[in-house]
Every structure is written in C-alpha cells, then in structure tokens.
Visitor: 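Can you read through this structure? Questions will come right after.
Order of the sequence lines sets the chain letters (A, B, ...), proteins ahead of strands, with each chain counted from 1. Just so we're clear, the structure is a prediction, and the values are computed from it rather than from any experiment. Side chains included, hydrogens not; waters and symmetry mates left out as well; all remaining heavy atoms used.
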2 protein chains.
Amino acid sequence: MSLYLPYTVGLMAAKKENRKLDRSTEEKIKSAARTVFHKKGFAATRTREIAEEAGINLALLNYYFRSKEKLFQIIMLETMQGFYQTMIIVFMDGSTTLEEKIEQVAEKYIDLVVEQPEIPLFILSEIRNSSGDFFTKLPINELLKKSSFMQQFQEAVQQKKVADVHPIHFVLNLMGLIVFPFIARPVLTHLGEMADAQFRTVMEERKKLIPVWMKTIMAP
Amino acid sequence: MSLYLPYTVGLMAAKKENRKLDRSTEEKIKSAARTVFHKKGFAATRTREIAEEAGINLALLNYYFRSKEKLFQIIMLETMQGFYQTMIIVFMDGSTTLEEKIEQVAEKYIDLVVEQPEIPLFILSEIRNSSGDFFTKLPINELLKKSSFMQQFQEAVQQKKVADVHPIHFVLNLMGLIVFPFIARPVLTHLGEMADAQFRTVMEERKKLIPVWMKTIMAP
DNA sequence: GTCTATAGGGGGATAGAC
DNA sequence: GTCTATCCCCCTATAGAC
C-alpha cells in the first residue's frame, strides 16, 4: 500500500517516464527548492537563490515548474506527506499496542526531525498563510479515523484506562512534547547557550521520557 | 520595578515628549504594523498594507520609522517583551510556591495567547531568520537565573521532589503544553474541523489540566 | 534542455507641495 | 505632519538563440 498521494508535476508528469536515469535537473531543482523554502519560507525565498543552489539557471526553474508558486506547492505537499506518513504508518499498524504506538511515534519523529529540524516550523508557519488547500489533497483525516490507533484509544477510554478528556488533548500533548523543542530551538540557542551536542542529548533522552510522561499524563 | 526595556524609537523619542495627547499617527502605525506583521511575518508583509490598515499614507510610515526594517524591529522587540514579561513576573515572585507558579503561568499564558493567538508562531518563525540580536537586547537570561523560580526548582531537585533530569525538559514541557496548541491551530482547524468555540473550551480545560500534568510528569 | 537578455510589475523609499 | 507623485531596484517570468 502506497501512502504517497498521486500528485502531478503538471508538464513533467508524462515526460518523466520517457527519460532513462534522471537524478538530474528537475530533481536538483526540487532538492534546492526544498532546502531554501524549508529554511526561509515562501515569502522570503528568492527563485534566484533556488536556481543558484541547484547550480542551474533561473529560466530553467520556470521551464520545469512554471512558477515559484507551483514549485512551492509541490514542495509543501511532499513535505507534509513525508511528515504525516510516519504517524499514519505507526497508527495504522494493527499489530502494536497503544503504548507501543506512542513509543514508536516519539522515536521515529525525533529521529526524523533531528535530521530535518526546520520541517515543523516550516509546515506550521506556511499553513498559516496558504489557504487550507493542502489538506483537501491529503486524506489524513479519513485515514486517522479508521486507524488502529483510534480504535485502541476509544477502547482504552471505555475501559477507563485513559482519562476521559477530549482526545485532542492527547494529540496535542504527544505532538507538542515531541515537536515543540525543535520549534523553540532558536530561542534555546540564543537564550540558554545550548549547543548542538547538548540539544541532541536532550532529544535522545526525550525518546524515552515522552512515552512515560504520556502514560502518566493520560492516566484517569 | 519596570520590566520594560528602554528602547528608543529613534527620531521620535524626543518629539514624543513635546506632544500633548498622542494616541495618534505613530501609535496608529505601530498598531497596524503589529497586526499585519503578527499575521504574515516580515517577508510577506507589504508596507502599503500597514499604511492602509493604519488609515494613513505610505510616506508617513517612512517619515516616522525610516524603514520597514526599523519598524519591524520595534514591533518584534515589544512583542517579545510582552510575551516574556508574563513569565518573568510570575517567576520572580518570591511569595508563591513552585506549584503556584506553574498554575499562574498556565493560566496567564493561555489567556494572553487566546487574545493574541498569532504571537507564538510569529516570534518563533521570525527568530529563525533574524540573527539573535533581539536577545542581546532582552536580559531574560540573567533575570531567570536569579529568579525565585530557579531557586525553588533547584531546591525541589535536591529534596528529590522533582525528577533529576535536565531542567530544560521542564521548560520545554511547560511551554510546549501551553503554546503548541496555538501554533498547531491551523492544522486542527483544517484537519479536525475544530471551530473557535470548541478550541476555546479545550484551552480552558488545559488551564486546569496542565498544572496537574506537569506535577505528574516531573515527579521523581 | 539550457542559456542570455529583457520585459513587466511590485514594493520600499524619497522629493516636494501643502 | 501629511499628502501625491515618482524613482528605482529587485524579483518573477518569458522570449528567443543555441
């Protein structure tokens, strides 16, 4: 089962098939765009910078992607997919318990975001402006409703193993505990003189701590 | 004791004194700038939009603040002050216990951010780009080190009333639990069809819940 | 497909009248 | 202090040669 959505690159969708071994140009541009957009956001990004980063000419960017806007939408959609994918996979897995799902989400997300620390802030701040179009293209909502996680969670509430508060608290707590440190990273750096190494140690600790915290937090 | 810093508006600092009753122009521009900057961030904001929002002409904006950049720095600094002020006041208060401080921070911050929901994301995303200059102008670090909160926290650790993990976990958990829902708000809206009223209810619940959670989380 | 050159427009800032 | 008019740069996008 592929969890990736069928998005199209428009112009290129057909041509892509006809090429032999294409780790070039189009992919180079997308990769550069990802880097710059993630770091600066849409408004602060200059297409010239993407072109330079990709080692190609500015005109070529428009040749492949028509406009900055369209290129951005592709990057945004892929980034969101990549981010939600982890959660979906873990939550759909019928063979793990609720506790194991929490452990896995904490571990996998912290690993993911240690690798690409700009992603949470990128997604959250870009969603603020762009209309909610991205979500209509991502069937996360439907997937989550039917997920193994949801079933287990509702069972746990009925069996009084979990406090009977709005489930949104659960999601907010879990994701907040995982993701917030990366969003607040710049503040920590400037404020508390926290270096990279120390931050990584702290986040490694949290892989273990968050599941424990979540358990005590959600106890009835 | 004033916790506000002596920042200057440059050109205007002197003139301000000479005016009689000035809730006008300069303040109108700043107010408009606050609104637009908070909502869109520096890069996406157009000075023309600020001018329109303020009901004045674009030229006047530059007359008062010299440039978009300078205006932004004033807004940014004031916003950060306003935000940290709450924490500082609560944490400096020698007459409250550690538990009471947590209760007060949760309650006051949630109130503050319900009023101005864009602030957390604004601060966090704008810090990403702008160099850490803003922090050198804010003596938060020094204030916090000497605060009543820090003393009480260290005592609690020594008396084994609080788990002996890096104190940063405490700060990250507290602020994450409070602030993250507002950062993730757009996602909730699009994803879970969560309306304003329901969100407020959830946040009211969290005023009570967060102190409880923090207590269980930080237990040894 | 990839480049150079350039069109076209938006946005920040200023000149100068009132 | 406040406005209108305008400058000018920078950025996106395209035309057209190779």
Visitor: For A:Ile56 and D:dA13, what is the distance between atoms CD1 and P respectively, to the nearest whole Å?
Guide: 13 Å
Visitor: Send over the distance from B:Lys70 NZ to C:dA13 C1', rounded to a whole Å.
Guide: 12 Å
Visitor: Between B:Val113 and B:Met203, is there a side-chain heavy-atom distance shorter than 4.5 Å?
Guide: no
Visitor: Between atom CZ in B:Phe65 and atom P in C:dT14, what is the gap in whole Å?
Guide: 15 Å
Visitor: Expressed as a whole number of angstroms, how long is the span from B:Phe72:CZ to C:dA13:C1'?
Guide: 19 Å
Visitor: Between N or O atoms, less than 3.5 Å apart, protein on one side and nucleotides 16-18 of chain D on the other: list the pairs.
Guide:
none

Visitor: Does the side chain of A:Thr25 get closer than 4.0 angstrom to OP1 or OP2 of C:dT2 through an N or O atom?
Guide: yes
Visitor: Output the rounded distance in Å from CG (B:Leu71) to P (C:dG11).
Guide: 17 Å
Visitor: Does A:Glu49 have any side chain to side chain donor-acceptor pair (under 3.5 Å) partners at least two apart in sequence or in another chain, and if so, which?
Guide: A:Lys40
Visitor: Tell me, yes or no, whether the heavy-atom count around A:Glu52 atom CD, taken from other residues, nucleotides or ligands under 6.0 Å, exceeds 12.
Guide: no
Visitor: Tell me which donor-acceptor pairs under 3.5 Å the side chains of residues 169-179 of chain B have, and how far apart each pair is, sequence neighbours excluded?
Guide:
from: B:His169; atom 1: ND1; to: A:Arg206; atom 2: NH1; distance (Å): 3.0
from: B:His169; atom 1: NE2; to: A:Glu205; atom 2: OE1; distance (Å): 2.7
from: B:Asn173; atom 1: OD1; to: A:Arg206; atom 2: NH1; distance (Å): 3.2
from: B:Asn173; atom 1: OD1; to: A:Arg206; atom 2: NH2; distance (Å): 2.7
from: B:Asn173; atom 1: ND2; to: B:His169; atom 2: O; distance (Å): 3.2

Visitor: Distance check: side-chain N/O of A:Tyr63 vs OP1/OP2 of C:dC3, anything under 4.0 Å?
Guide: no
Visitor: Heavy atoms, side chains only, cut-off 4.5 Å: are B:Asn129 and B:Phe42 in contact?
Guide: no
Visitor: List in chain and number order the residues that pass side chain to side chain donor-acceptor pair (under 3.5 Å) with A:Glu204, two or more places apart in sequence or in another chain; answer none if no residue qualifies.
Guide: A:Lys207
Visitor: Compile the donor-acceptor pairs under 3.5 Å between side chains in residues 138-147 of chain A and protein atoms, sequence neighbours left out, one pair per line.
Guide:
from: A:Asn141; atom 1: ND2; to: B:Leu191; atom 2: O; distance (Å): 2.5
from: A:Asn141; atom 1: ND2; to: B:Glu193; atom 2: OE2; distance (Å): 2.9
from: A:Ser147; atom 1: OG; to: A:Leu144; atom 2: O; distance (Å): 2.7
from: A:Ser147; atom 1: OG; to: A:Met150; atom 2: N; distance (Å): 3.2

Visitor: Expressed in angstrom and rounded to an integer, what is the separation of A:Leu61 atom CG from D:dA15 atom C1'?
Guide: 17 Å
Visitor: Atom NZ of B:Lys28 to atom P of D:dG1: distance rounded to whole Å?
Guide: 13 Å
Visitor: Whether A:Glu27 and A:Arg34 form a salt bridge (side-chain N of Lys/Arg under 4.0 Å from carboxylate O of Asp/Glu) is what I want to check.
Guide: yes
Visitor: Tell me, do B:Lys70 and B:Ile74 make a side-chain contact under 4.5 Å, heavy atoms counted?
Guide: no
Visitor: How many whole angstroms separate atom CZ of A:Arg66 from atom P of D:dA13?
Guide: 10 Å
Visitor: Each nucleotide N or O in nucleotides 9-12 of chain D that has a protein N or O under 3.5 Å away: list the pair and distance.
Guide:
from: D:dT12; atom 1: OP1; to: A:Thr45; atom 2: O; distance (Å): 3.3
from: D:dT12; atom 1: OP1; to: A:Thr47; atom 2: N; distance (Å): 3.3
from: D:dT12; atom 1: OP1; to: A:Lys68; atom 2: NZ; distance (Å): 3.4
from: D:dT12; atom 1: OP2; to: A:Thr47; atom 2: N; distance (Å): 2.9
from: D:dT12; atom 1: OP2; to: A:Thr47; atom 2: OG1; distance (Å): 2.6
from: D:dT12; atom 1: O5'; to: A:Thr47; atom 2: OG1; distance (Å): 3.3

